[in-house]
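All heavy atoms count here, side chains included; hydrogens, waters and symmetry mates do not. If you're wondering where the values come from, they're calculated on a predicted model, not measured in any experiment. Every chain is numbered from 1 and lettered A, B, ... according to where its sequence line falls, protein lines coming before strand lines.
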Amino acid sequence: MNRPASYFKNQADEPRVTRVWTALDARLERRRGRQRWSKPLALACGAVAVAVLAWSATHPRRANDPAVLEIADGSRVEHPRDARVEVMAVTPDRVELRITRGRAQFSVRPNRQRSFLTHAGEYTVRVVGTVFSVELEPSGLQVGVTRGEVEVRRDGTNDVWRIRAGEHWTSNRVSAGMGGREPTGAAQTRAHAEHAADAQPTHSTPDSGSNGEPDHARSAAHVDPAELVPSPAATRSEAPASSAARRAGRTSASDARAPQPAAPDTVSRSARRSRKHTPRYRQAPRTDADHSEEGSTAFAAPAGPPTAAEAAQREAGPSSSSKTQPPTAPTAPIAPIADAVARPADRAAAAPTPGQPTPADAAGPTEPRAPRAARQAAASAQRTSVNEATTKPDAAPARAAASDEPAALFQRAQQAREAAHPEEAARLLAQFLQLAPHDPRAGLAAFQLARTRLDLGDPRGALEALDAATRAGSAFTEQIEARRVQALEQLGQTAACRQARTAYLHTFPDGAFSAMVRQRCP
Amino acid sequence: MAVYMTSRGKHPSERASSDAASARPTDAVLVAAARGGERWAQEALFRRHASMAMGLAYRLLGNDSDVEDVVQEAHFVVFSRLDRLRDPQAFASWLAGTVVRRVSGLLRKRRLLVRLGLQSPTVIDPDLAISTAAPPEVVADLRRVYAVVDTLSTQTRLALLLRRVDGYSLPEIASMLDCSLSTVKRRIAEAERALQAAGQVEP
């Protein structure tokens, strides 16, 4: 018997089948259309995904990967994504950028024919060839130089600051570049302890340098080192009246030459700095003799004696690590530096007598600086001559006179540095260290010597000076270790440089020089 | 009770396909072509099995209103998933199983609508669908079956109809309903008891 189903009427007549097929074919056609694109689309997406994965595997992207602006001559500007850098002009003779927010790192190819100007707030940074950074935040403007030298000019004025490698310059007067924000107070310079230690005249505020003195003059454009590092040698008759002098309410010879009254905000700033900044960079305990000498200079001590907390802060130094440093003068004697092969009895002979002319003296303070290679050679020669001098038996007659002059030596060294005579400064600092290894300023002097030798292209001598600064118990541990990395890199001792870099970053993971140190000995 | 089993033991659709196998391309050939995107192969497969699919849907649903939708949807599904068909020659069985599953879903939906009062129960009149050439005992038997199916659960209803009307084997029914053989047997036994309880089954 057939199935009952076979006795049902046919449900699939031709018109019905055609009708259903037409509808079905339309659906299938739409699906075919989607499939026609879906496969190539899927393949393309897959290829893109694979490419992206491959790229990210070979180019690991960090969240804070910087944006890079490259200029045809090879100059580069790197800045975080949240920073804002505008290109104002790129011409054969001029590159002009403006930072309106955030931080940018510049690497500028040397080109004397082309000015490289960076506007930030109401300041303009001019550079010929260097590596530096400019950071513009609502709280202020900061310029840091990694290599070379830049010139910061306050727009519309003649205020100029020259900032050299390893230095930072800060001001909170940024109203022009920050949406018309008026200065909340006065320009306030926050110098690193390194600068203070180095006593480089690169940390003055516009007000402190704009008191009628020639703005381009290095001595007038920079802050008085004694303001940052009060020292008995801080006599600078050619310098303008410093804010420290105004703080003390004294009228100096410079003040007399600079009759312009201080701006009201200057007064308030000066008062603030007297409390916050000046003591901070004071490294050496002041002696009565120091105060007596300061009384004859344009750089007065901060008004009033420091409080106990301020004194503790001063002695602790700016870096966190320096808190471990003894708050008093170094107790360990300074070991000889490069010239240290000399017997202790002979070291004093290395110091010249007050009337003894030095090579730098013979050249005169206004003589232009020699080329770098020549300066390096001169520095090396001076180190050698100092070594020889310290070992000469006939230098003994000079010992007595020299032993009385460590303060004068230190003073002359500072003057030589301010007058852009690094060779002489290095020689005087070395002599000072030999004469007064237990002087409270010995650590500072050793570090200054290291920096000067680095600038002279003498990294080996700089390393020796850094070792001496460490042994002297200098409070500038962070700065010393950062400079050690720099010196080792210049020496080409990559392994040692990396070791020093690791040690620095381990000790100061958020140190002021961590960014610079990370770029060393890659 | 008369059980209308096929004597050849093959699926009805397979028999229909094999009858003219010498003159027409086989289902396997058409499936291969359809997999390659050939529209004509899809149409050929559709027209070859449309009668079987429409008749099956009609017999399971018991009315004509949703047959075209069920057949179209079942074909769309199988054509969309041709790559999953392991045995191309079993296209007809695959299509029949798809039709059964679509009918099952539709019956569940319809039952829910009836329970919610959104749709009136479907009254099945076998006399309208059965050919006048059908033997009287067949017509009487179909009347008894269709009189009770609306009282059964969906799966039991489908098992009964596939077994008593379309003559599928128990394993085929288990495959179509996606359940075990014992479940099929239990459901068919349940349906037989319902028929006996209604006094409409021949002893």
Side-chain angles (χ1 to χ4, degrees), chain A residues 1-68 81-82, chain B residues 2-7 12 34 37 39 42-61 64 67-80 126 128-135 137-142 145-146 161-168:
Chain A
M1 180 181 288
N2 288 336
R3 298 172 301 125
S6 61
Y7 296 110
F8 276 74
K9 294 178 182 176
N10 184 17
Q11 301 294 325
D13 55 341
E14 180 58 27
R16 194 177 195 187
V17 170
T18 301
R19 185 168 63 247
V20 173
W21 168 248
T22 303
L24 175 63
D25 188 42
R27 290 184 65 184
L28 292 172
E29 184 60 31
R30 288 196 294 272
R31 184 175 174 277
R32 289 188 204 106
R34 288 195 300 269
Q35 283 184 330
R36 198 172 296 128
W37 287 104
S38 63
K39 199 167 183 178
L41 192 62
L43 287 174
C45 290
V48 169
V50 168
V52 168
L53 287 175
W55 190 88
S56 30
T58 54
H59 300 78
R61 176 185 172 85
R62 294 185 295 272
N64 56 350
D65 265 358
V68 177
R81 303 282 172 180
D82 56 349
Chain B
V3 177
Y4 306 99
M5 290 296 297
T6 58
S7 58
R39 180 175 169 274
Q42 289 179 338
E43 184 173 2
L45 283 170
F46 173 79
R47 291 189 179 276
R48 178 177 295 181
H49 301 290
S51 176
M52 179 272 296
M54 286 183 176
L56 179 62
Y58 178 81
R59 290 187 292 274
L60 296 178
L61 285 170
D64 193 53
V67 167
E68 292 184 17
D69 290 341
V70 167
V71 170
Q72 184 193 131
E73 186 64 28
H75 276 91
F76 183 78
V77 169
V78 297
F79 284 144
S80 301
L128 297 176
I130 299 173
S131 168
T132 54
E137 62 275 20
V138 172
V139 174
D141 192 35
L142 289 175
V145 169
Y146 277 104
L161 292 176
L162 289 172
R163 180 68 177 168
R164 294 287 298 266
V165 177
D166 281 87
Y168 283 99

Q) Looking at B:Ser80, B:Ala57, B:Ala50, which makes the most heavy-atom pairs under 4.5 Å with chain A? A) B:Ser80
Q. From B:Phe79 CZ over to A:Arg27 CZ, what is the distance, rounded to the nearest 0.5 angstrom?
A. 12.0 Å
Q | Contacts of type side-chain hydrogen bond (donor to acceptor under 3.5 Å, both in side chains), residue B:Ser131, not counting sequence neighbours | A | none
Q | Stepwise side-chain contact (heavy atoms from CB on, under 4.5 Å) test for A:Val20 and B:Phe46 | A | CA-CA 9 Å; A:Val20 173; B:Phe46 173 79; 3.5 Å; yes
(Q) For a quick test of reading the model, state the closest non-hydrogen atom pair linking A:Arg3 to B:Gly167 and the distance between them. (A) CD-CA, 4.4 Å
Q. Which atoms of A:Ser6 come close to chain B, meaning under 4.5 Å heavy atom to heavy atom: side chain ones, backbone ones, both, or neither?
A. neither
**Q.** With sequence neighbours excluded, residues passing side-chain hydrogen bond (donor to acceptor under 3.5 Å, both in side chains) with B:Glu68
**A.** A:Arg16, A:Arg19
Q: Would you indicate whether the side-chain heavy atoms of A:Phe8 and B:Val165 approach each other to under 4.5 Å?
A: yes
(Q) Restricting to non-hydrogen atoms, name the atom on A:Val17 and the atom on B:Arg47 that form the minimum distance, rounded to 0.1 Å. (A) CG1-NH1, 3.6 Å
Q) With a 4.5 angstrom heavy-atom cut-off, which part of B:Tyr58 approaches chain A: side chain, backbone, both or neither? A) side chain
Q: Taking all heavy atoms of A:Ala5 and all of B:Arg59, pick out the closest pair and write down the distance.
A: CB-NE, 3.4 Å
(Q) For the CG atom of A:Leu28 and the CZ atom of B:Arg39, what is their distance to the nearest 0.5 Å? (A) 9.0 Å
Q: Could you tell me which non-hydrogen atom of A:Leu24 sits nearest to which non-hydrogen atom of B:His75, and how far apart they are?
A: CD2-CB, 3.4 Å
Q.
With a 4.5 angstrom heavy-atom cut-off, is it the side chain or the backbone of B:Leu142 that approaches chain A, or both, or neither?
A. side chain
Q) Hey, what do you get for CD (B:Glu43) to CH2 (A:Trp21), rounding to the nearest 0.5 Å? A) 5.0 Å
